[in-house]
Structure formats: structure tokens, C-alpha cells
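As C-alpha cells, the structure follows; a few thoughts come after it.
Computed over heavy atoms, backbone and side chain alike; hydrogens, waters and symmetry mates excluded. A quick note: this is a predicted structure, and the numbers were derived from the prediction, not measured.
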Number of protein chains: 2
Amino acid sequence: MTTPVVPSHRSQVTRKDVARYAGVSTAVVSYVVNGGPKKVAPGTEAKVQDAIRILGYRPNAAARALKLGSSETIGLVIPDNTNPFFSLLAHAVEDAAAELGFALLLTNSDGNLAKERHNIRNLASRQVDGVVLASVLFEPDLAALEAADIPAVLLNHGSQAAGFNSVGVDLAAGARIAVDHLIGHGHTNIALAMGTNTAGDFDLREEGWLQALAAAGLPEGPIVRGPFSREGGYAVGRRLLAAADRPTAIFASSDMQAIGILRAIHEAGLSVPEDIALTSFDGSAEAEYSWPALTTVEQPVRVMAEAAVEALVGASRGQASEHRTFPTTLRIRHSCGCIAPA
Amino acid sequence: MTTPVVPSHRSQVTRKDVARYAGVSTAVVSYVVNGGPKKVAPGTEAKVQDAIRILGYRPNAAARALKLGSSETIGLVIPDNTNPFFSLLAHAVEDAAAELGFALLLTNSDGNLAKERHNIRNLASRQVDGVVLASVLFEPDLAALEAADIPAVLLNHGSQAAGFNSVGVDLAAGARIAVDHLIGHGHTNIALAMGTNTAGDFDLREEGWLQALAAAGLPEGPIVRGPFSREGGYAVGRRLLAAADRPTAIFASSDMQAIGILRAIHEAGLSVPEDIALTSFDGSAEAEYSWPALTTVEQPVRVMAEAAVEALVGASRGQASEHRTFPTTLRIRHSCGCIAPA
DNA sequence: CTGAAAGCGCTAACAC
DNA sequence: GTGTTAGCGCTTTCAG
């Protein structure tokens with residue numbers, strides 16, 4: 001004999017209870033809860049508000065979502081919210097969404113194609129009103145997005161897919177200023193520590209590095225590729241240090257990689273920027289507290305997040321797809337050699 | 001004349017369409033989609049599956065949530081997902097939830113009481129099936145949770161509130177091993193860099209530090225308090241260095257603070273661990289890549305996240321509230337003086 | 001094994 | 001200003 005499980009249902013009190021208690025119709029309760037679309041007499045409104053408070057009524061979001069066809073929720077699909085760049089993005093998107101009354105469904109894809117696809121589908125079936133997608137793929141599963149007819153904005157996606165909104169920075173330009181800065185310090189052998197995507201996307205940071213070198217009449221330095229992570233950077237750093245023609249400066253395509261490179265350099269008993277100068281990309285908080293602090297190309301993450309959310313569910317929603325590019329800024333700290341380390 | 005907005009409604013195809021297309025009733029479609037509660041003939045099932053595929057049908061989660069009274073979503077309330085400890089927690093909670101078919105609603109409270117309360121309320125009205133709450137408050141808004149009758153688990157909350165599940169580590173024990181380790185290195189003047197909560201909660205890490213010192217017959221070292229952040233740690237570090245009786249070792253209550261302290265020490269031209277040894281708390285990834293790498297008390301975040309989700313929506317849900325404490329492990333790296341920095 | 005139908009809580013016509 | 005009510009898409013009991 002199994003004991004019947006008491007459902008212990010939450011939010012038992014519905015708008016009907018409130019209506020009864022306040023002696024009005026359910027429509028009126030709706031009107032006061034939503035502040036419209038009809039006006040309610042002040043006295044009635046007060047009665048309803050009292051009933052709501054006394055009964056402890058909270059609207060059922062699922063019912064509302066069903067009726068309205070909108071969950072007032074947006075989805076975020078990122079590779080890994082543990083990466084400082086994405087954690088800041090997540091926070092900023094959450095803030096921007098909350099500002100508009102939207103909640104944030106967070107999903108990590110872990111650089112995994114299947115997982116990303118699953119996350120997109122899952123979000124779609126959850127009636128999210130939009131998704132911001134920082135894909136790990138060259139060809140993200142845009143089809144799923146289109147099929148679901150759900151607004152999306154792509155973040156920093158190289159190939160600006162037609163029909164989709166996107167926000168991003170000019171990766172090539174950002175890389176250029178980082179490399180130019182190194183060139184300004186007199187370096188002529190400047191390596192590139194390039195992050196690898198899951199797919200064979202040609203990253204524009206690589207192009208920027210190339211452009212800067214070419215513009216200065218400098219030879220191409222070594223390129224070493226590895227994951228966009230501290231570990232990846234560490235491995236890349238060791239390889240760079242072991243090279244016959246060791247570079248005197250390195251441009252890393254992400255702060256995380258630079259952190260790893262820093263470790264490799266320290267372990268080799270070398271110092272930054274004296275033996276090897278370093279600049280990187282992202283402008284995450286961690287880059288400010290490394291030793292030495294990293295000179296890095298900062299992406300305006302908060303602004304980008306706001307633009308993304310705005311495009312999705314703000315006033316401008318539903319407009320023709322557009323690509324918004326934001327400017328980067330070089331944060332000059334110690335790793336480039338500009339400022340003595342303290 | 002305003003152009004009428006075309007709603008462009010997503011997921012137009014409903015279970016009714018599928019039923020019609022497959023020549024069955026809507027109930028049957030439900031049965032195959034959910035794998036129950038009734039059995040369906042193989043032939044029929046195939047027809048339905050085809051119809052689903054061809055029509056591109058995806059179930060409407062809002063309708064399901066309304067019917068079932070469960071959104072298959074859990075909420076996470078943390079101070080700041082930008083903090084490595086919480087970002088790992090968020091990722092782990094997301095993974096554990098996804099494993100069970102639940103999605104994760106992320107909210108940041110930014111150490112703000114009102115925001116935390118708002119987040120809890122908001123999650124409750126969104127019919128989440130549970131919330132894991134890492135509060136910044138001494139007295140989190142448990143009332144809101146109770147009123148909503150929504151399962152919750154508190155994370156690392158000192159005062160184990162009656163009637164609530166909680167998961168956490170033994171903060172005092174963790175602090176003790178970190179301080180004992182410093183004592184083992186021969187230090188006798190060991191400072192405490194203590195993080196501050198919003199409220200006046202007495203943190204057990206402070207107690208652990210005290211206990212270790214007392215057990216070794218050592219005098220209390222200086223205590224300096226500041227926010228649980230890199231900046232907070234930096235300020236704390238500078239104060240500690242300026243002290244008349246400068247400590248030879250510091251125990252920091254979080255990795256972030258230790259990172260800030262490291263910077264303060266570097267800037268003072270001192271080295272770790274030679275001039276000052278350092279241990280900290282959390283075991284975040286960033287601690288592994290600082291220079292020198294931090295010896296830190298690692299919290300088993302993934303395990304804790306799994307336990308929290310399990311308590312909320314797993315098989316054991318609905319049981320009497322319990323408090324689960326997990327063991328910490330000392331990760332010995334370079335900042336304590338054990339291992340030469342490479 | 002399959003179908004009909006009630007109803008989850010809410011919104012917003014539409015009627016008064 | 002307020003009330004009635006249809007119906008959003010789904011699950012599941014109950015009847016065949």
C-alpha cells in the first residue's frame with residue numbers, strides 16, 4: 001500500500017479566488033494585475049490589491065505564457081559560462097533582460113555541436129522569446145532557430161549569417177591595435193597564439209595580426225593554435241618558447257590563453273614584458289589581476305549584451321536583421337612593456 | 001495608419017495538427033510524445049512519429065507546465081555569476097538539472113537584498129520546481145520561499161535554517177586545514193583576510209582560523225575584512241602589508257581575495273611564498289593559474305550542485321529537510337611554500 | 001489499443 | 001467600469 005503523495009501544489013490561490021474574495025470578476029483582477037488593458041475604479045483596485053496581498057496570490061506564469069504565446073524569457077547559448085568572457089556576457093544579458101521583465105535561461109554547450117543543437121531545440125520548445133547564441137560552430141544550427149521561428153542574435157560570429165541579427169566587435173581591427181602596439185614597442189618577431197574553434201572557421205583575429213604585420217613590413221611570426229582556455233594557452237606558450245626562433249612578443253587571441261602563456265613563461269624563468277611582451281583579447285576582469293596585468297583589447301560586453309537583448313525583445317524587435325559592430329579599446333597595462341610592473 | 005504587426009507566431013503546429021495528419025486522436029499523440037501513460041501500437045506510433053517529423057512539431061512547454069503544474073525548470077539565485085566559484089556552481093547546476101530534463105533560470109543578486117528578494121519572488125511566480133539559493137544575506141527571504149511552497153536548497157549557509165535543505169562544506173574545518181598547513185611551514189604570525197557578507201553573519205572560516213591558531217598555541221594574527229572580490233583582496237592585502245607587525249603568512253577566505261592580495265604583494269616588491277605565504281579557499285580554476293599558483297581549500301562544487309539538484313527534483317525530493325556537508329580538500333600548489341615555483 | 005472531453009490559470013474580446 | 005466567456009496546447013480519466 002503506497003502512501004498517496006500529497007502534491008503540495010504551489011500557488012494554489014488563483015485569480016478566481018482573488019476575484020471571489022474581492023467581490024469582482026476575474027477580468028478585473030487581470031486588469032489590475034496587468035495594469036490594463038481596461039481601467040479599473042480606484043476603489044475596486046484597492047479591494048483587489050488587498051485580496052491579492054491577503055491571499056498571497058501570485059500569477060501563474062505558465063498560464064500567462066500559454067495564453068500570450070510568450071514566456072517572457074530569453075535563452076542564452078554559450079560554450080561555457082565558466083569562461084570569464086561568457087560569464088560577464090551572461091550577467092550582462094541577465095541584467096538587460098531583467099530590465100525588460102524577462103528571465104534568462106542559461107545553457108552551456110561545452111564546445112559540443114550536439115549539445116548546442118540540443119540546447120537550441122530545448123529553448124525553442126520552452127517558448128523563449130528569443131535566444132542569444134554565441135556559437136562554437138562555423139555553421140550553428142540556424143535551421144533549428146528558423147524552424148522555430150524564434151528571434152535570435154548571433155554573437156561575434158564571423159560569417160554574418162543572412163537573415164540573422166548579430167552583434168560583435170571588429171575582431172580584425174581589435175587584433176590590429178594589439179599587434180600594432182607590440183610593433184610600437186619595437187618588436188619584430190611577433191607570434192600569434194590562436195584559439196581554435198570546433199569548426200574550421202577562419203578567425204578574423206588571425207587576419208588582423210597578419211594585416212598589422214604586413215602594414216609594418218614585418219615578417220609573419222609563428223602561429224600556434226590551441227583551445228581558448230588557460231590550459232590551451234599554457235600548451236601554446238610552451239610550444240612558442242621551445243621554438244628555435246623564439247618570438248619576443250606574443251598576441252594571444254583571448255585573455256584565457258594569455259593567462260596560460262604567462263604561466264609557461266614564468267615557469268621558463270623568463271619575464272614579461274622584459275623577455276617576452278604579451279597582449280591579448282577580451283578585456284576580462286581576470287586579465288587585470290594577472291601578474292603582470294595584461295594589456296588587452298577590451299570588448300564592450302555589457303553594451304553588446306544590451307544591444308542583443310534589445311534586438312530580441314526590445315522596442316526595435318522584429319525589424320530587419322542587422323549586424324551591429326562595436327568598438328574595442330586597448331587597455332594598456334603591464335604585459336606589453338608600457339608601464340613598469342608597479 | 002500603422003501597419004498591423006504580424007505576430008509571426010512560433011510553433012504554429014500543435015498536437016492537433018499532428019493528430020489530424022497521422023489520422024489519430026490528440027491523446028495518442030500525447031502518448032507517443034511522452035512515452036505513456038498508455039501503450040500505442042507500433043504502427044500507430046510510427047505514423048505519429050512521421051507526422052511529428054514532417055510537420056516539425058515541437059511540444060509547447062507552457063501548456064505542459066500549466067497542465068502539470070511544473071515547468072521542469074529550476075532557479076538559481078547567486079550573488080554574481082561572474083565570480084569563478086559561482087560560475088562553476090552555475091555550470092554544474094545546469095548540468096545536473098539538464099540530466100533530469102530541467103532547465104536553469106539564472107539570476108544574480110549582486111549582493112543586494114532587495115534584488116535577491118525580487119529574484120526569489122520572480123522565480124516563484126515562474127513556477128520553477130525548485131531553487132538553489134546561495135544567499136548574500138544572513139536572513140534570506142525564506143518567507144517568500146515558504147509562501148510559495150517551493151522546494152529550496154541553501155548553499156553554504158552558516159545558519160542551517162530549520163525546514164530547509166542545505167548543502168555545504170564544513171567551512172571551519174576547511175579553514176583549519178589551510179591554516180594548519182601554514183603553521184606546518186613554521187609560520188607564527190598568520191593573518192586572516194576575511195570576506196564580508198552583506199549581513200553580520202559570523203563566518204565559520206573565521207572560527208576555523210581561530211581554532212587552528214589556538215590549537216597550535218599561537219597568538220591571533222591580524223584580521224582585515226573586505227569584499228569577496230579581487231579588488232577587496234587587493235585593498236585587504238595593502239592594509240596587511242602596511243601593518244606594523246607584518247604577517248609572514250595569510251589565509252584568505254576566498255580565492256578572489258587571494259588573487260587581489262597577490263597583486264598587492266607583488267606591487268610591494270615582495271614574493272610569495274618567500275616573504276609571505278598564502279593559502280585560500282574555494283579551489284577555483286583561476287587559483288591554479290595565478291603566479292604563484294595558490295594553495296587552496298577546494299570545495300567539491302560539482303558534487304554539491306548535484307546533491308542540491310537531486311534534493312530539489314530528484315528521486316529523493318520532498319523528503320524531510322536535511323543538511324548535507326561535503327568534505328574539502330587542500331590543493332597544495334606554490335603559494336604556501338611547499339613546492340618551488342617551477 | 002484508441003478517442004472524447006474536461007480543465008490547468010490566464011487574457012481580452014465582447015457584452016452590458 | 002465591470003462581467004462573461006472562449007480558448008491558448010496539453011495531459012489524462014473515462015468510455016469504448
Side-chain angles (χ1 to χ4, degrees), chain A residues 4 7-49 51-52 55-72 124-127 129 148, chain B residues 4 7-48 51-52 55-72 101 124-127 129 148:
Chain A
S8 141
H9 265 308
R10 51 190 84 54
S11 191
Q12 311 92 324
V13 26
T14 76
R15 146 236 68 175
K16 194 186 252 173
D17 300 310
V18 175
R20 188 178 10 243
Y21 189 94
V24 300
S25 78
T26 61
V28 172
V29 179
S30 258
Y31 301 151
V32 350
V33 169
N34 303 329
K38 294 285 182 59
K39 287 218 166 302
V40 173
T44 315
E45 157 137 27
K47 271 191 302 186
V48 173
Q49 294 288 20
I52 288 176
L55 266 24
Y57 168 75
R58 270 168 314 96
N60 181 319
R64 189 181 155 86
L66 175 58
K67 182 68 184 173
L68 265 14
S70 155
S71 57
E72 307 201 299
S125 84
R126 282 170 185 275
Q127 267 54 56
D129 297 295
Chain B
S8 141
H9 264 307
R10 50 190 83 54
S11 190
Q12 311 90 326
V13 25
T14 76
R15 149 235 68 178
K16 193 186 254 172
D17 300 309
V18 175
R20 189 177 11 243
Y21 189 93
V24 300
S25 79
T26 61
V28 173
V29 178
S30 259
Y31 301 151
V32 350
V33 168
N34 302 328
K38 294 285 181 59
K39 289 219 166 301
V40 174
T44 314
E45 158 137 25
K47 272 192 303 189
V48 173
I52 288 176
L55 265 26
Y57 167 75
R58 273 170 309 96
N60 180 319
R64 190 181 154 85
L66 175 58
K67 184 66 185 171
L68 265 10
S70 155
S71 57
E72 306 202 297
S125 84
R126 283 170 184 275
Q127 267 58 54
D129 297 295

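Rounded to a whole Å, the CD1 atom of Ile52(A) is 13 Å from the C1' atom of dC10(C). The separation between Arg126(A) atom CZ and dC10(D) atom C1' is 15 Å, rounded to whole Å. For Leu68(A) and dA6(D), the CG to P distance is 20 Å, given to the nearest whole Å.
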Checklist entry - side-chain contact (heavy atoms from CB on, under 4.5 Å) between Thr14(B) and Asn60(B): does it pass, once the steps are laid out? => result CA-CA 8 Å; Thr14(B) 76; Asn60(B) 180 319; over 6 Å; no

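Residue Asn34(B) comes nearest to Arg64(B) through the heavy atom pair OD1-NH1, 3.3 Å, listed as atom of the first residue, atom of the second, then distance. The nearest pair of heavy atoms linking Gly69(B) to Asp129(B) is O-OD1, 4.4 Å.
Annotation: the span from Thr44(B) atom OG1 to Lys39(B) atom NZ amounts to 13.0 Å, rounded to 0.5 Å. Between atom CD1 of residue Ile52(A) and atom CD of residue Glu45(A) there is a gap of 8.5 Å, rounded to the nearest 0.5 Å.
Residues in residues 18-29 of chain A take part in these salt bridge (charged side-chain N to carboxylate O under 4.0 Å, His left out) pairs, two or more places apart or across chains: Asp17(A)-Arg20(A).
Distances shown here put every side-chain N or O of Arg64(A) at or beyond 4.0 Å from the OP1 or OP2 atom of dG9(C). Applying the 4.0 Å criterion to OP1 and OP2 of dT11(C), one finds that Asn34(A) has a side-chain N or O inside that range.
If you find the closest nucleotide of DNA chain D to Tyr31(B) and to Leu66(B), the one lying nearer the 5' end belongs to Leu66(B). Where Ala62(A) and Pro37(A) each meet DNA chain C at their nearest nucleotide, the meeting point lying more 5' is that of Ala62(A).
Within residues 22-30 of chain A, the residues that have a heavy atom under 4.0 Å from DNA chain C are, in order of number, Ala27(A), Ser30(A).
The base of dG9(C) lies outside donor-acceptor range of the side chain of Lys67(A), with no N or O pair under 3.5 Å. For Tyr57(B) and dG9(D), a side-chain-to-base donor-acceptor distance below 3.5 Å is absent, hydrogens and geometry of angles not being considered.
Among the nucleotides dT2(D), dG9(D), dC1(C), the one closest to any side-chain atom of Thr44(A) is dT2(D). For Arg15(A), taking side-chain heavy atoms from C-beta onward, the closest of the listed nucleotides dT2(C), dC10(C), dT11(D) is dC10(C). With distances taken from any side-chain atom of Thr14(A) to the nucleotides dA12(C), dC1(C), dC10(C), the minimum falls on dC10(C).
Listed for the Ser71(A) side chain is a donor-acceptor partner under 3.5 Å among the backbone atoms of Gln127(A).
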